[in-house]
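This report refers to the structure that appears directly beneath it.
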Amino acid sequence: MDLTAIIIAACIVGAVGLLAGVLLGVAGEKFKVAVDEKEIQVRECLPGNNCGACGFPGCDGLAAAIAKGTAPAGGCPVGGAPVAARIAEIVGGDTEASVRKVAHVRCAGDCNKAKDVYEYVGPKDCRIAANTPGGGPKGCAKGCLGFGSCVAACEFGAITIVDGIAHIDPALCRSCTKCTAVCPRGIIEMVPEDAGAIVNCNSNLFGKDIKEVCAAGCIGCGLCARNCPTGAITVEDHLAKVNFELCTGCGTCKEKCPVKIIE
Amino acid sequence: MKHTFKGGIHPYEGKNLTEDKDIKEFRPKGDMVYPVSQHIGAPAKPLVKKGDQVLVGQLIAEAGGFVSAGIHSSVSGTVKAIESRLTSAGTKVNSIVIENDGEFRSVEFEPDDTPLAELTRETVIEKIKAAGIVGMGGAGFPTHVKLSPKDLSAIDHIIVNASECEPYLTSDYRRLMEQPDEVIEGLRIVLAIFPGAKGIIAIEDNKPEAIRSLKEKLAGDERISVHSMKTKYPEGAERQLIYANTGRLINSGMLPADAGCIVHNVDTIHAIYDAVRLGKPLTSRVVTVTGDAIMEPANFLVPIGSSTQELIEAAGGFLNPPEKLISGGPMMGKAIYDTSIPITKGSSAVLALTKDEVAEYEEGPCIRCGKCIEVCPGRVMPEHLANLALQGDFEAFQKYNGMECCECGCCSYVCPAKRHLTQIIAGTRKEILAKRKK
């Protein structure tokens, strides 16, 4: 074999490579996009799971917004207070992070307390079951169906089905709100992590009617509202509701509730 | 060539249980329940209050808008309550409850013998509206709205849907066998207000007796023809029926009127006859009570508002404990879990089965055989739609024409893996429609 052919080929490839390298180097300097130092630092603080719960297109989007000052330092609901504190150090400003919110299932009607009125045959998916006659087999049309659409939606493994209803572990919840969006009955609500009292019922049925279908339903008696020292509880449309800003977590309502559904 | 469409299935018919049984008049004894929503559109507004005396044929709730229909009492008695009661859809609906005195005292009806040529459009529509007639095939679309399309001259076919493709159901067939003259007159009344239209009575060819008798009666009639349709489910689905009879295709965004057609159920046409000729409002319908769990399957003329429980008792009660109760036919009817529900304008049958074939099998994975696509009369891909639905990808679901599904159930019926395809697609359609409304 002719050695010169190989040497010529190697030289050409080498020369092309050198030329391309020089060109790239020049172009890299000339067309450089200025990146905000802060943005890179903020991005490093964020969790990086790109869940979109903040309302921006992924963590990069939020980092850019925080660096520009259009989003607050505590804008990442997943990271919570520690991340907010670190970001605040970088961008300066308000270090006080808001109280972390966690998802909570407002239903206590498990399979022992709320009976199914018929046998459901079909895909184990709440969204499909909710469109069958009566909105699913559960006697209560507002209660947790327990087929676990929220479990499938949760990326952090925070939700489990216990006795036929969903339970969310507040420690694992990353506040991404995917479960609240997927639940066909809208019974998952974002509540402050330190909420003093939560009413575990979503039904607006009249006391007698809810008693027929669930032993753990809010009957709208109003005992909690009357006994609350700070007036944090109101009963609207046969359902008690807690105003978390006024609630001091004294626990009076929990004692007074005849169906024991305030936790 | 037979009138037919692409796709469809041949389920077990089960019509032999009741097809030769004459329509018996059923006289309820217990309380009557009239849900204010027995139709598509605005709920009716109750006109009576607790303690009022009512007579058969008395208007007890007026139409709540243009797309709505009034409701008439089918018994005489006292209004007991206006409260929410369970209906066949499984939800509680505000209902007028009347304590039946068992005497069936009636208001006076005014018969009308005006010759067909002199009937005006306004009087016919007015009488139909006053009689509270809605589509009695199940959907319950108010008939006066259906008969008032935007462009009257565009309507060239009035189709009487007598195909009754749902297994077990024989109510329309018995109506045709026992009262063909009334049905024909009813159709002539509708044709009288659509001068440019032709009448078609579409019957599946598994009812040769009905086809023969109607053809004899209509011999020499140039405006009305009797079409013998190939026996196949869902031959009686509106879109398939229109295609089979006229070759015109419509989609979910169109109305039959866009294809120049108006389709009426046999019982609806009969109710139009009653309303225009006898002045009688819609207070009863033919209901088939059947299934292998029923002692004596039969066809009944049932006052609307009767309790399903009483009706089952009139058919001799249960022969065997039923495993599944259905309001309507087995393919598109609604499974019910309580026999206290009332018979409404759209209840064509009460079906009690000793075997729940759906619950009997475990759902398996799709084996990609494509049978569901083959049988789908809506010409969509059920397996693909079901997968998209389960993934929650509603955008792709609509892109692949998921909204064209008519929920006939053919895909679920034919699926060898026993996947609940119709249920998944129907549930997702409902969710998307609900989201669109928001």
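For the numbers below, each heavy atom of this structure counts, side chains included, while hydrogens, waters and symmetry mates do not. All chains are named by letter (A, B, ...) in the order of the sequence lines, taking the proteins before the strands, and each is independently numbered beginning at 1.
Here the two rings, on B/Tyr413 and B/Tyr233, have centers that are 6.0 Å apart or farther. Note: B/Phe141 and B/His39 fail the aromatic proximity criterion, with ring centroids not under 6.0 Å apart.
With no hydrogens or angles considered, no side-chain donor-acceptor pair links B/Gln398 and B/Arg429 at under 3.5 Å.
For B/Ile336, no part lies under 4.5 angstrom from a heavy atom of chain A. Residue B/Ala426 does not touch chain A at all, counting heavy-atom pairs closer than 4.5 Å.
When A/Ser149, A/Gly135, A/Gly122, A/Ala152 are compared by the number of non-hydrogen pairs under 4.5 Å with chain B, A/Gly122 comes out ahead. Note: A/Ile128 leads A/Val182, A/Asp209, A/Ile128 in heavy-atom pairs under 4.5 Å with chain B.
Using cut-offs of 30° and 60° on the angle between ring planes, the pair A/Tyr120 and A/Phe147 is tilted.
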